[in-house]
There are 2 protein chains.
Amino acid sequence: METPKIKNTDNLPPFAAGARVRYNKNQKMTKQRTETKMELLANCLEKRGLKSTKQRHYIADTFFRSNTHISLEELHKKVKRKSPRAGYATVYRTMKLLTECGLAIERQFGDGQTRFENVPEDGHHDHLICLKCSEIVEFQNETIEQLQDKTATELGFNVVRHKLELYGYCKNCK
Amino acid sequence: METPKIKNTDNLPPFAAGARVRYNKNQKMTKQRTETKMELLANCLEKRGLKSTKQRHYIADTFFRSNTHISLEELHKKVKRKSPRAGYATVYRTMKLLTECGLAIERQFGDGQTRFENVPEDGHHDHLICLKCSEIVEFQNETIEQLQDKTATELGFNVVRHKLELYGYCKNCK
DNA sequence: TTGCTAAATGATATCGACTTTCAATTTCAT
DNA sequence: ATGAAATTGAAAGTCGATATCATTTAGCAA
Ligand SMILES: [Mn+2]
Ligand SMILES: [Mn+2]
Ligand SMILES: [Zn+2]
Ligand SMILES: [Zn+2]
């Protein structure tokens, strides 16, 4: 039997590859960054006494080159194009590893799927999500961030992370 | 066999009954509001051609009297004190109904559990969540709301709802 | 190179939080 | 009271995430 784990493989995903608005203005930058990240990963593996394997390389490389908020299912599909025998579990484990290494960010946009994105070189951002076409647009707003901290401080909290998601309709869908 | 659905019933829940900071200053208000809500529910049921049942009454009443962000499991446990044969599925269906009627809000704070809270009479609020003791503090910040809308508008979005959660350590836990 | 040993892999099983199904029960308009 | 339609509770199903385990592989050492 084929992997019965993944069901809704071919109906369009709830949050398909959303266009990003800030990154990867040109391919050169992406390429360079990917190489750097592979080195960072190599360091991280060595530091932990982990082995450098073909699968990890394929999966990380595929992820680093993706500029979307990608689900495990989507990533697994991509990886299998180059490495058809790669298992879903290995993709899962590798993305967990990349997250621990600080090379991936786990996101949860409210559909049932965990998504991963590359760590942005220009700092934290939040997300706008179109309820119709699932486009995801990223934004940074320092004023909001400051107000969040101020509010938290007033209530006696130390904020270590936050989640700000704006759901609505994009230019094309409103 | 007992319901095998609910597993982690007795180890402390990841987001236990968090103290609220804004509501239910006195019990009178809660009581009055609960009665009003029961009427609203009755209207909603009638409008939909649904029946008024003992279970719905118990569940809604228990929920309206709770002033926490309560999970189905927690609510089910409470309901069973008065109505021991009440099933989890009925609690689930009733909370779905209350949500559709605009009498409950579904929340997702990042642990695997969906939580429900009463609709506040003083409008929308967002949440601070303690990563250690799971206290949940509510806040309102109109400036942040406006900045969200402004940001979205600049990027061509119409926001219909949003999610803002600040995770950190509360007064007692920092 | 060749073994050796620990780590990694991939198929499969399991978990857990819902969500649906269905036979038995209850509501409520006649 | 009666009967059609809705509701209930137990159980089964769903589905993404995670664990298990036999087999394979990486990397070190002889
Ligand atoms: Mn992003
Ligand atoms: Mn709240
Ligand atoms: Zn759109
Ligand atoms: Zn705390």
Side-chain angles (χ1 to χ4, degrees), chain A residues 1-9 11 13-15 41-42 44-60 70-77 79-80 83-97 99-100 106-116, chain B residues 1-11 13-15 42 44-60 70-77 79-80 83-97 99-100 106-116:
Chain A
M1 194 205 280
E2 293 295 291
T3 45
K5 205 167 306 167
I6 300 150
K7 301 291 171 51
N8 57 341
T9 301
N11 42 358
F15 289 105
L41 175 57
C44 191
L45 291 178
E46 194 184 347
K47 198 172 301 175
R48 294 168 171 239
L50 302 179
K51 291 173 179 174
S52 176
T53 68
K54 226 164 262 177
Q55 288 89 337
R56 277 181 181 151
H57 189 89
Y58 277 137
I59 294 164
I70 197 167
S71 69
L72 288 178
E73 185 186 325
E74 289 159 5
L75 183 56
H76 183 214
K77 209 186 287 183
V79 166
K80 278 198 294 188
S83 178
R85 291 191 41 72
Y88 176 92
T90 303
V91 176
Y92 162 75
R93 288 184 288 234
T94 301
M95 288 316 298
K96 196 174 177 183
L97 174 66
T99 301
E100 287 169 15
E106 218 176 301
R107 298 284 187 188
Q108 189 66 61
F109 291 134
D111 63 334
Q113 306 240 152
T114 299
R115 287 168 186 284
F116 296 86
Chain B
M1 194 205 285
E2 294 293 291
T3 46
K5 208 167 305 170
I6 299 151
K7 302 291 172 50
N8 57 339
T9 302
D10 283 309
N11 41 358
F15 289 105
C44 191
L45 291 178
E46 194 183 347
K47 199 172 299 176
R48 294 167 172 238
L50 302 179
K51 291 172 179 173
S52 178
T53 67
K54 225 163 262 175
Q55 288 88 337
R56 276 180 182 151
H57 189 88
Y58 277 137
I59 295 164
I70 198 168
S71 69
L72 288 178
E73 186 186 325
E74 289 159 5
L75 184 54
H76 183 214
K77 209 187 286 182
V79 166
K80 278 198 294 189
S83 177
R85 292 191 41 72
Y88 176 93
T90 304
V91 177
Y92 161 77
R93 287 183 289 232
T94 301
M95 288 315 299
K96 195 174 176 182
L97 174 65
T99 302
E100 287 169 15
E106 218 176 299
R107 299 284 187 188
Q108 189 66 64
F109 291 135
D111 64 333
Q113 305 240 152
T114 299
R115 287 167 187 284
F116 296 86

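These numbers come from the heavy atoms of this one structure, side chains and all, not from hydrogens, waters or symmetry mates. Residue numbers begin at 1 in each chain, while the letters A, B, ... track the order of the sequences.
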Between atom [atom1] in [X] and atom [atom2] in [N], what is the gap in whole Å?
X        : N      : atom1 : atom2 : result
B:Met95  : C:dA17 : CE    : C1'   : 16 Å
B:His76  : C:dG16 : NE2   : P     : 18 Å
A:Tyr88  : C:dT14 : OH    : C1'   : 14 Å
A:Gln113 : D:dT14 : CD    : C1'   : 14 Å
B:Arg56  : D:dA6  : CZ    : P     : 11 Å
A:Phe116 : D:dA17 : CZ    : C1'   : 10 Å
B:Ile59  : D:dT8  : CD1   : P     : 7 Å
A:Lys80  : C:dG10 : NZ    : C1'   : 11 Å

| field | nucleotides 20-30 of chain D: protein proximity per nucleotide (B base, S sugar-phosphate only, - neither; heavy atom, under 4.0 Å) | value | B-----BS---
Listed by chain and number, what are the side-chain hydrogen bond (donor to acceptor under 3.5 Å, both in side chains) partners of [X], not counting sequence neighbours?
X       : value
A:Glu46 : none
A:Arg93 : none
B:Thr53 : none

| said: Does D:dT18 have its OP1 or OP2 closer than 4.0 Å to a side-chain nitrogen or oxygen of A:Tyr92? | reply: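 Yes, such a contact exists.
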| request: Report yes if a side-chain nitrogen or oxygen of A:Thr114 is closer than 4.0 Å to either non-bridging phosphate oxygen (OP1 or OP2) of D:dA17; otherwise report no. | output: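 Affirmative; the distance criterion is met.
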| message | Just to verify, what does B:Lys96 make a side chain to side chain contact (heavy atoms under 4.5 Å, CB included) with, not counting sequence neighbours? | response |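 For B:Lys96 the side chain to side chain contact (heavy atoms under 4.5 Å, CB included) partners, ignoring immediate neighbours, are B:Tyr92, B:Glu100.
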| field | Which residues share a side chain to side chain contact (heavy atoms under 4.5 Å, CB included) with A:Thr99, sequence neighbours left out | value |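 Listed in chain order: A:Ala104, A:Glu106, A:Phe116.
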| Check: A:Thr114 and A:Leu72 side chains under 4.5 Å, non-hydrogen atoms |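 Side-chain contact under 4.5 Å: no.
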